[in-house]
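Before any comments, here is the structure.
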Amino acid sequence: MWYYIWYGLAALCAAGYAIKSFHNNKEDRLARLTGYICVAAAAINLLYLARIHAESHLAASLSTSIFLSCLSLLVLLLVHHGVESTRFLDNPSKTRKFLFFLWDAAFVVDILLLMTNVFHEKLLVYQYDEGSSYAIHYGYTEQPLFYAHLCFLYLNVLAIFCGWISKAISVPRLYRSRYYMTPLQVAGIGIVSLSHVTGVLQLPVDVTVLMYGFSTAAIYWSTFDYTSKGMLNFTRKLIVEYMGAPMILFDYEGYVADTNKDMRNLFPMLNSQERRITLMDFIQIASIRELQNTSMDQVFEWYNPADEGDRVYQCTFTCLKDEKDRNIGQLLLMKNVEQERDMLTQLPSKRSFYSRMEHLVKNQMYPITVAVCNANSIGLINDVYGWTKGNEMLRTAADLLRDNLPRSAVTARLEDGDMAAGFAEAEQEYAVRLFEQIGEQYREANDMGIITDLEYGIAVIRDDSKSVEEAVREASESMRTKKLMNESSQKSSQLDSLRQTLTESDYETEEHVERTREMATRLGRALKLSDAELGKLALLAVLHDIGKIAIPHSILLKPGKLTEEEWKVMKTHTEKGYRIASASKELQPIAEYILHHHERWDGKGYPGGLAGEEIPLLSRIITVVDSHDVMVHDRPYHKAMSHEEAVEELLRCSGSQFDPHIVTVFLQVLQEEG
């Protein structure tokens with residue numbers, strides 16, 4: 001009865017794992033092979049019971065032949081399972097495929113010989129032994145061919161063992177337990193089987209049959225469940241250790257329970273085992289003032305002073321609870337914001353930029369200069385050469401920022417291809433020199449035949465009245481204003497169209513527009529204007545008279561003096577220009593300056609009659625520059641003045657028509673020009 005119980009349990013165990021294997025994934029070859037192995041092991045145990053129970057020569061020989069055939073099939077399946085698990089046949093050669101085919105063919109021949117043995121007894125000769133002390137009364141006598149069968153099986157068992165051991169040695173130590181389990185089982189079964197066959201092990205039954213059934217649990221584990229055992233805890237530990245963010249865990253009593261290498265590198269005192277460190281000790285050691293209430297979840301930023309500037313960490317503090325809402329510990333994760341990178345350029349993220357810049361503001365490291373740059377014609381490059389080339393140019397720009405900016409600079413990739421840089425205790429001129437140098441290198445790196453360069457805008461924070469967001473917005477607007485006048489920018493097409501319309505409608509020429517722009521920019525620099533104001537001034541120099549495109553040609557091109565009614569119409573060009581600029585998002589920043597560029601210092605100008613500093617500064621500047629250029633160049637309605645006459649006229653009108661200070665600085669610029 002015990003035989004039936006034990007062999008029945010072994011068969012039931014194998015059958016259960018067969019069902020689980022097939023249920024795991026019917027489409028997976030390894031899952032199917034595991035299921036077939038379990039089915040064969042279950043069949044072997046049931047057939048062995050049938051062999052024990054056999055009461056006739058035919059029943060004994062038939063059950064034995066099928067039993068041995070299933071055993072050969074089991075070994076064949078183990079061979080295939082080993083080949084699949086160890087990926088022995090991944091990318092095989094034709095020779096390896098052919099040898100494996102011969103191997104399978106040998107198993108087929110062996111199984112056929114075992115099945116024909118029922119009638120021909122070529123391998124085994126059966127006889128009844130009534131006085132046998134064994135459970136099986138129908139025994140057999142081995143023939144030479146049976147020994148060949150045994151040698152073939154043991155050779156395959158040895159091959160399976162060697163294959164698995166070789167695989168176990170070749171993989172990282174962490175995964176070796178998966179590959180050791182099966183060869184150890186196979187080796188154990190082989191040794192017990194050999195001992196039984198040779199008579200070294202004298203038992204009434206073949207216990208290796210039981211081992212076939214119960215060993216299916218180990219095969220199933222090594223195939224599917226190896227990660228859920230001891231290895232999983234080790235893997236989790238490795239994940240925590242190499243997660244790339246400092247982590248510290250406190251137990252329910254508030255003592256440090258676990259840390260990873262990033263946290264220990266950040267706070268070396270955690271490596272000390274001399275005393276247990278509490279949560280409150282850690283807060284004091286790390287100077288984390290933001291973490292005051294340790295009984296609630298919270299997210300905050302922590303600044304770690306470093307040699308190359310403060311490193312910003314986003315900290316997540318979590319109170320751990322069990323299912324009954326009882327405290328079981330606290331977890332602190334610290335993510336280095338500076339390590340967040342844009343995938344294309346590898347520049348720090350926008351969040352990193354704002355966090356570090358806010359820290360500069362908090363420490364009052366004024367003046368803080370913000371620069372925003374963008375590569376022109378990237379859209380055209382994408383259209384002509386494809387996205388790969390466009391991305392390459394963006395990476396080139398990012399590389400130039402890294403190579404040319406000081407290590408203390410705060411850099412980032414913003415949206416729409418914009419890149420930003422921030423400098424502590426630096427004036428606008430410092431950033432201008434750096435970005436002019438970067439722009440020149442960027443142009444030299446362009447070998448595509450498409451005109452492109454790097455446009456930039458700059459803003460300066462001098463006190464807490466201007467936020468980082470406002471500075472970035474100001475620098476971005478300055479950059480986009482400059483893009484309107486840059487031939488390599490796709491945004492310049494609108495400006496080109498307006499400028500062309502203006503030159504066709506008025507006496508204005510391209511040369512006058514360009515002269516006015518250059519002189520206005522020089523005067524603006526002499527007046528210490530910001531980069532944003534310089535960009536607006538250059539644009540204003542080009543488009544301050546844009547309202548004239550709405551004035552009738554009969555008035556605009558009249559060579560003689562205008563009548564009073566005609567002069568009223570002519571004066572409306574400032575308001576018309578204001579409306580044209582206001583309708584365009586790109587031109588809105590200069591709309592007000594266009595409106596007031598004919599105001600006078602004494603208040604007698606138009607359209608608003610503003611006086612003195614009520615008149616916008618850029619309007620006052622463009623009035624002086626434009627008036628001077630008109631004086632010294634021929635027009636259909638007057639001859640050009642000499643330089644001396646123009647200077648005399650400027651001085652005469654200083655304080656009435658023109659801002660006296662601007663006139664003084666303008667004359668200095670003219671003198672420097674020679």
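The analysis underlying the following values was restricted to heavy atoms, covering all of them including side chains, and did not include hydrogens, waters or symmetry mates.
Listed by first and then second residue, the salt bridge (Lys or Arg N to Asp or Glu O under 4.0 Å) pairs that reach into residues 592-614 are R600-D602, sequence neighbours excluded. Residue pairs meeting the side-chain hydrogen bond (donor to acceptor under 3.5 Å, both in side chains) criterion with at least one member in residues 660-669, sequence neighbours excluded, do not occur. Residue pairs meeting the salt bridge (Lys or Arg N to Asp or Glu O under 4.0 Å) criterion with at least one member in residues 656-666, sequence neighbours excluded, are R620-D659.
The aromatic ring centres of W302 and Y313 sit less than 6.0 Å apart. Ring centers of F666 and H628: under 6.0 Å apart, within the cut-off.
Counting all heavy atoms, side chain and backbone alike, S654 lies closest to P660 at OG-CA, 3.2 Å. When all heavy atoms are compared, the tightest approach of A245 to M334 is CB-O, 3.5 Å. Here the closest heavy-atom approach between residue I622 and residue A520 is recorded as CD1-CB, 4.0 Å.
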Just list the side-chain donor-acceptor pairs under 3.5 Å for residues 432-439, sequence neighbours left out, or say none.
unit_1: E436; atom_1: OE2; unit_2: Y456; atom_2: OH; d: 2.7
unit_1: Q437; atom_1: NE2; unit_2: N404; atom_2: OD1; d: 2.7

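Residues forming a salt bridge (charged side-chain N to carboxylate O under 4.0 Å, His left out) with R525 (at least two apart in sequence, or on another chain): none. For A532, the side chain to side chain contact (heavy atoms under 4.5 Å, CB included) partners two or more places apart in sequence, or in a different chain, are E474, S478, S530. By the side chain to side chain donor-acceptor pair (under 3.5 Å) test, D342 is found to be paired with T345, R413, residues two or more places apart in sequence or in another chain being considered. Every salt bridge (charged side-chain N to carboxylate O under 4.0 Å, His left out) that K350 has, sequence neighbours left out, goes to E415. Residues satisfying the salt bridge (charged side-chain N to carboxylate O under 4.0 Å, His left out) criterion with K568, sequence neighbours excluded, are E565. Take H596 and apply the ring-ring contact (aromatic ring centres under 6.0 Å, His included) test, not counting sequence neighbours, and it matches no residue. R443 is linked by a side chain to side chain donor-acceptor pair (under 3.5 Å) to nothing, counting only residues two or more places apart in sequence or in another chain. Not counting sequence neighbours, R579 has no partner by the side chain to side chain donor-acceptor pair (under 3.5 Å) test.
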Going through the checks in order, is the side chain to side chain donor-acceptor pair (under 3.5 Å) test met by E301 and S355?
CA-CA 9 Å; E301 287 188 345; S355 294; 2.8 Å; yes
Side chain to side chain donor-acceptor pair (under 3.5 Å) evaluation trace for H597 with D626
CA-CA 10 Å; H597 78 276; D626 183 56; 6.0 Å; no
CA sep, side-chain torsions, deciding dist, call: F267, F282, ring-ring contact (aromatic ring centres under 6.0 Å, His included):
CA-CA 9 Å; F267 303 106; F282 177 78; 5.2 Å; yes
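Remark: Y354 OH is packed, more than 12 non-hydrogen atoms of other residues, nucleotides or ligands lying under 6.0 Å away.
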